Amino acid sequence: MMMMTVMLVTTSVPVEAAKEFKVGGDMGWVLPDANNSATYNQWASRKRFHIGDSLSFDYQNDSVLVVDKWDYYHCNTTEPITSFSNGKSVIQLDRSGPFYFISGDTDHCKHGQRLIVEVMSMHMHHIPPSPPSIAFPPGSDTGIAPATSAISTAPAPSPSS
């Protein structure tokens, strides 16, 4: 009996660099239409955010506030964690869990200009790994023999009538 030794060679999982997401896509950070008050959370639900990624807010005559959960749901602009009003703000996602953003204009917030981003605990974006390679020890035969099978050529018994 021939013994076959197989050694699996694995490689580390390739990763992509952190991504910068433009909030709202081409629309940017604006007051949504009356019929689209959930537009920002719908946008975020189609994305995967990881530690190290960032959000880019593009806006005019407005601001972006990073707030806690209570302030998000009540559109409270009085005590933000951080506020930005320079027209283009890039915010680093530096931890896992939820991040809450609202417009600095309370009416805009109440009409849907707010966003929850859930950051995954994985540190980077993973690219699906390729299947592992199989390596054989030097100087060995692969140990793979051609498959053989017994095929019966005898006619099948006929059913009795």
Side-chain angles (χ1 to χ4, degrees), residues 4-137 142-144 146-147 149:
M4 182 171 83
T5 304
V6 177
M7 185 170 72
L8 292 177
V9 178
T10 59
T11 58
S12 61
V13 177
V15 293
E16 288 181 25
K19 292 183 179 180
E20 182 174 300
F21 295 90
K22 182 179 177 189
V23 173
D26 292 337
M27 179 177 75
W29 184 242
V30 296
L31 177 64
D33 297 341
N35 296 331
N36 269 338
S37 62
T39 192
Y40 290 105
N41 289 327
Q42 289 170 353
W43 171 85
S45 71
R46 294 186 300 269
K47 312 282 185 232
R48 287 193 175 213
F49 303 98
H50 300 277
I51 295 170
D53 288 344
S54 57
L55 299 178
S56 173
F57 290 82
D58 291 338
Y59 52 94
Q60 295 178 1
N61 303 318
D62 207 335
S63 59
V64 178
L65 308 182
V66 180
V67 296
D68 64 22
K69 183 177 182 177
W70 192 92
D71 289 341
Y72 172 87
Y73 285 104
H74 295 91
C75 290
N76 182 13
T77 61
T78 60
E79 294 183 39
I81 296 167
T82 311
S83 64
F84 302 90
S85 59
N86 61 0
K88 176 154 174 86
S89 306
V90 177
I91 300 168
Q92 188 81 21
L93 303 174
D94 58 358
R95 60 172 173 76
S96 62
F99 283 76
Y100 301 94
F101 304 94
I102 62 174
S103 168
D105 182 317
T106 304
D107 286 334
H108 287 195
C109 177
K110 288 179 180 177
H111 289 98
Q113 193 176 353
R114 55 184 167 173
L115 168 67
I116 301 173
V117 169
E118 186 68 37
V119 178
M120 301 172 94
S121 61
M122 298 169 61
H123 295 288
M124 298 299 270
H125 297 271
H126 289 280
I127 300 171
S130 57
S133 302
I134 299 176
F136 296 96
T142 61
I144 300 173
S149 62

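Sequence positions, counted from 1, serve as the residue numbers for this chain. Note that this is a predicted model, so its numbers are computed, not measured.
Closest of all the heavy-atom pairs between Lys110 and Cys75 is N-SG, 3.4 Å. Summarising the geometry of Asp68 relative to Tyr100, their closest heavy-atom pair is C-CD1, 4.0 Å, with the distance given to 0.1 Å. Ser96 and Ser121 get closest at one heavy-atom pair: CB-CA, 3.6 Å. Contact detail for Asp53 and Lys19: the closest heavy-atom pair is OD1-N, 2.8 Å. The shortest heavy-atom contact between Pro32 and Thr39 is CB-CG2, 3.5 Å. Closest approach of Arg114 to Ile102, counting heavy atoms only: CB-CG2, 3.7 Å.
Side chains of Val117 and Tyr40 form no contact here, defined as non-hydrogen atoms less than 4.5 Å apart. The shortest side-chain heavy-atom distance between Tyr73 and Ile116 falls under the 4.5 Å cut-off. Side-chain contact between Phe57 and Asp62 is absent, with no heavy atoms from C-beta onward closer than 4.5 Å. Asn41 is listed as a side-chain neighbour of Leu115, based on a closest heavy-atom distance under 4.5 Å. Within the 4.5 Å cutoff, side-chain heavy atoms of Val66 are placed close to those of Phe84.
Between Trp43 and Phe21, the two ring planes are perpendicular [angle over 60°; tilted spans 30° to 60°].
A side-chain contact (heavy atoms from CB on, under 4.5 Å) with Gln113 is found for exactly one of Phe101, Tyr59, Trp29, namely Trp29.
The 12-atom threshold is exceeded at NZ of Lys47, counting heavy atoms of other residues, nucleotides or ligands nearer than 6.0 Å. The neighbour count for Asn86 CG, taken as heavy atoms of other residues, nucleotides or ligands under 6.0 Å away, is above 12.
Separation of atoms CG (Asp105) and CG (Leu31) is listed at 8.0 Å; rounding is to 0.5 Å. Within the model, atoms CG of Asn61 and NE2 of His108 stand 9.0 Å from one another, a figure rounded to the nearest 0.5 Å. Distance check: Glu20 CD to Leu93 CG gives 10.5 Å after rounding to the nearest 0.5 Å.
For the pair Gln92 (side chain) and Gly52 (backbone), a donor-acceptor distance under 3.5 Å is present.
Asn76 and Thr78 share a donor-acceptor pair across their side chains, judged by distance under 3.5 Å alone.
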